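Reviewing the structure listed below.
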Number of protein chains: 2
Amino acid sequence: MKKQVKTINDSLVRVYGDILWIEENELRQSRFKDLTIKDMHAINAITMYDKKTASQVAKELHLTPGTLTSTINRLEKKDYVKRIRSSNDRRVIRLGLTKKGRLMYRAHDAFHRMMIDSFLKDVEPDEIKTIEKALRNLENFLREHS
Amino acid sequence: MKKQVKTINDSLVRVYGDILWIEENELRQSRFKDLTIKDMHAINAITMYDKKTASQVAKELHLTPGTLTSTINRLEKKDYVKRIRSSNDRRVIRLGLTKKGRLMYRAHDAFHRMMIDSFLKDVEPDEIKTIEKALRNLENFLREHS
DNA sequence: CTCATTTATTTTGATAATCAAAGTATGAAT
DNA sequence: ATTCATACTTTGATTATCAAAATAAATGAG
């Protein structure tokens, strides 16, 4: 019983470290060598879809506003991200991806999809429900602790 | 179907970011304020149990030998970790935790245990098998990609 | 309307983690 | 003995990060 918890925990810890490391390596061999994982995760948080504000993205990534600014500077200079000054409130910056940014976004997304597909290999639909339940549990736990 | 994969993926991404952030905050409020999360993860990798070599730990953490050296220097100075020169091969450094290090290890471990307990709340024994299967899938995927 | 306050972002200055590459010490093998 | 390999450390440079101060725009009270 106790042992099972430890095994699952160790597996999660290992998996997390390995994912970051593999993503870093794949990135270095790809056409997007000029990005770090952190850059990639910023692009992922910015998203192809909404036009989030800088503050929203900083919060999601748990970065201070200043750090986010410099992240955006970097990504703007490298032509992955663009700043869009909001017209109703001219203090706020909305963030969007350039063509190159969207390309990167899709590539990263494809990797994650592959990963989740393999995660769910041979997992039956009702078993997926179990996994979703456990993840919800975890998210609740984290919410209580923040 | 596609949607489910996306939901699970987003949840995992969110969860991992949040765990790091929460651990960082808890640490800052604890008696172990002098440690960063990275320090804590090094202590976790060093473990209370085996006496791993510096190389082993570096590999587990995906750090270069040089970086591990400076991590160990830091943690030794703060009295969490001790170096033990191996007697059969005097090039090898084995790593152990001090009393303070073991205290930290247990505290961190307790947090993880709580987390996994809540993850597995209302999850039946045979459902746990599902989760273990999915994690094994993921570890295999990661092994193929490294 | 104007001044004070709040909000969103940027700038600045300092620090810590990291890497690659060179260095040191030890061990292994021919 | 000499060379090669291994385990770790040192060095020098770079990058991500933060806290705090600065800027710029919006909001609200009178």
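Each chain gets a letter, A, B and so on, in the order its sequence line appears, and its residues count up from 1. Owing to the predicted nature of the structure, the values given are computational and were not obtained by experimental measurement.
- Residue B:I93 places its side chain closer to D:dT9 than to any other of D:dT9, C:dC19, C:dT10.
- Rounded to whole Å, the distance from NE2 on B:H62 to C1' on C:dT18 is 15 Å.
- Under the rule for a side chain to side chain donor-acceptor pair (under 3.5 Å), the partners of A:N9 that lie at least two apart in sequence or sit in another chain are B:H112.
- Side-chain proximity of A:R83 to the nucleotides C:dT10, D:dT17, C:dT18 is greatest for C:dT10.
- Listed by chain and residue number, B:R83 satisfy the side chain to side chain donor-acceptor pair (under 3.5 Å) test with B:E76 (two or more places apart in sequence, or in another chain).
- Contact between the side-chain N/O atoms of B:T67 and the OP1/OP2 oxygens of C:dC19 is found at a separation under 4.0 Å.
- With sequence neighbours excluded, the residues satisfying side chain to side chain donor-acceptor pair (under 3.5 Å) with A:T67 are A:T64.
- Straight-line distance from the CG atom of A:L95 to the C1' atom of C:dA8: 12 Å, rounded to whole Å.
- By the side-chain contact (heavy atoms from CB on, under 4.5 Å) test, B:R143 is found to be paired with B:E139, B:N140, residues two or more places apart in sequence or in another chain being considered.
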>> Protein within reach of the bases, or only the backbone? For nucleotides 24-30 of chain C, mark each nucleotide 5' to 3' as B, S or -, using heavy atoms under 4.0 Å.
In response: -BBS---
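- Taking atom CH2 of residue A:W21 and atom P of nucleotide C:dA17, one finds them 22 Å apart after rounding to whole Å.
- Tested against B:I116, the residues A:L138, A:T7, A:L12, A:N137 include a single side chain to side chain contact (heavy atoms under 4.5 Å, CB included) partner, A:L12.
- At a threshold of 4.0 angstrom between heavy atoms, the contacts of A:R74 are confined to the sugar-phosphate backbone, with no base atom among them.
- If you check the side chains of A:T36 and A:D39, you find a donor sitting under 3.5 Å from an acceptor.
- Between the P atom of D:dA16 and the CG atom of A:N73 lies a distance of 12 Å, rounded to the nearest Å.
- Within the 4.5 Å cutoff, side-chain heavy atoms of B:R31 are placed close to those of B:L103.
- Contact check of residues 28-36 of chain A against DNA chain C (heavy atom, cut-off under 4.0 Å) returns no residues at all.
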>> If you apply the rule side chain to side chain donor-acceptor pair (under 3.5 Å), what do you find for A:D18 with B:H145, and how did you get there?
In response: CA-CA 10 Å; A:D18 290 353; B:H145 281 75; over 6 Å; no
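- Relative orientation of the B:F111 and A:F141 rings is tilted, given thresholds of 30° and 60° on the angle between their planes.
- Counting to the nearest Å, the C1' atom of C:dA17 and the CG atom of B:L61 are 13 Å from each other.
- Distance CD (A:Q56) to C1' (C:dT7): 14 Å, rounded to an integer number of Å.
- Using a 4.0 Å cut-off between charged side-chain N and carboxylate O, B:K133 and A:E127 make a salt bridge.
- For the pair A:L68 CG and D:dA16 C1', the computed distance is 13 Å after rounding to whole Å.
- Nearest to the side chain of B:K38, among D:dA19, C:dT18, C:dT10, sits C:dT18.
- The side chain of B:T71 has C:dT18 as its nearest neighbour among C:dT18, C:dT10, D:dT17.
- Side-chain atoms of B:L63 lie closest to C:dC19 of the nucleotides C:dT11, D:dT17, C:dC19.
- In this entry the distance linking CD1 of A:I72 with C1' of C:dA8 reads 14 Å, nearest Å.
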